[in-house]
Amino acid sequence: MTKKVAVCPGSFDPITNGHLDIVYRGLCVFDKVIIAVGHNPLKKDFFTTEEKLEMIKKSVGDNPRIDVDVFEGLLVDYLQAVGACAILRGLRVVSDFEMELQLALMNRRLCSKVETFFLMTDYNHLFVSSTIVKATAAAGGSVEGLVPGPVLDKLRENFPKMTK
Ligand code: ADP
């Protein structure tokens, strides 16, 4: 039987427990999930792509059903190149919806075979975003429990004022 592969694309600047929750729940439906780090031109990245990849790889460990990669250019081209049939995204608040709808429709217009699957965030991660995590850490606050251990270590390295 053909393996169902989904790509979970994002900036992951840095990856949070909200992102990871979407990836692991995606594995209940798909045989494999590829976490694909891309550059969002609407956002200014804090971490380099290499740093993001390192944090993600350390966070997911050795799981044969999860791949970590980088993509450039059109996401639909990347999906075809890696043999994936679906895009996996997470939805938090209503304000996520508008942009996600536009992206999903544009991707479908670019390639009608590609479907986007949305998973609702878990209530524990409803307010968690990479942006709020960085802002809190930069101001010296604790983000323990919101990000995986390797990300916490990297944030502590960058923001020594962090409380825990
Ligand atoms: P992008 O810049 O492409 O939106 P992000 O890394 O910010 O990349 O987000 C990637 C995906 O993860 C998006 O679909 C976003 O809605 C989702 N996501 C981010 N944070 C959470 C969270 N706390 N819970 C669920 N989904 C999330």
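By convention here, the first residue in the shown sequence is residue 1. In listed order, ligands and their atoms are each counted from 1.
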Heavy atom of the protein closest to atom 24 (N) of ligand 1 (residue, atom name, distance): T121 OG1, 2.8 Å
Atom 7 (O) of ligand 1 - nearest protein heavy atom and its distance: K43 NZ, 2.9 Å
F97, CZ atom: more than 12 neighbouring heavy atoms under 6.0 Å: no
Sub-4.0 Å heavy-atom approach of P9 to ligand 1: yes
Worked verdict on K154 versus E157 for salt bridge (charged side-chain N to carboxylate O under 4.0 Å, His left out): CA-CA 5 Å; K154 192 80 188 169; E157 209 179 292; 3.4 Å; yes
R25 atom CZ, neighbour heavy-atom count above 12 within 6.0 Å: yes
T16, any N or O under 3.5 Å of ligand 1 N or O: no
N or O pair under 3.5 Å between G10 and ligand 1: no
Pair K58 + D153: basic N to acidic O under 4.0 Å: no
Check against side chain to side chain contact (heavy atoms under 4.5 Å, CB included), T116 and L103: CA-CA 9 Å; T116 305; L103 287 172; over 6 Å; no
L146 reachable from F12 in the ILVMFWY side-chain graph, under 4.5 Å edges: yes
Pairwise side-chain contact, T16 with V151, heavy-atom cut-off 4.5 Å (strictly under): no
Identity and distance of the protein heavy atom lying nearest atom 18 (N) of ligand 1: H19 CD2, 3.9 Å
Interfacing atoms of ligand 1 (cut-off 4.0 Å, heavy-atom, N40): 1 (P), 2 (O)
Polar contact flag for S130 and ligand 1 (N/O pairs, less than 3.5 Å): no
G90 N/O to ligand 1 N/O under 3.5 Å: yes
Check: E100 N/O within less than 3.5 Å of ligand 1 N/O: yes
Min N/O separation F12 to ligand 1 under 3.5 Å: yes
Heavy atoms of other groups near L91 CG, more than 12 under 6.0 Å: yes
Shortest reach to atom 20 (N) of ligand 1 by a heavy atom, considering only K52, R92, R25: R92
Modelled atom types, side-chain donor and acceptor of H125 and N17, under 3.5 Å: no
Minimum-distance protein heavy atom relative to atom 11 (C) of ligand 1: R89 NH1, 3.8 Å
Protein residue, atom and distance nearest to atom 8 (O) of ligand 1, heavy-atom basis: S11 N, 3.0 Å
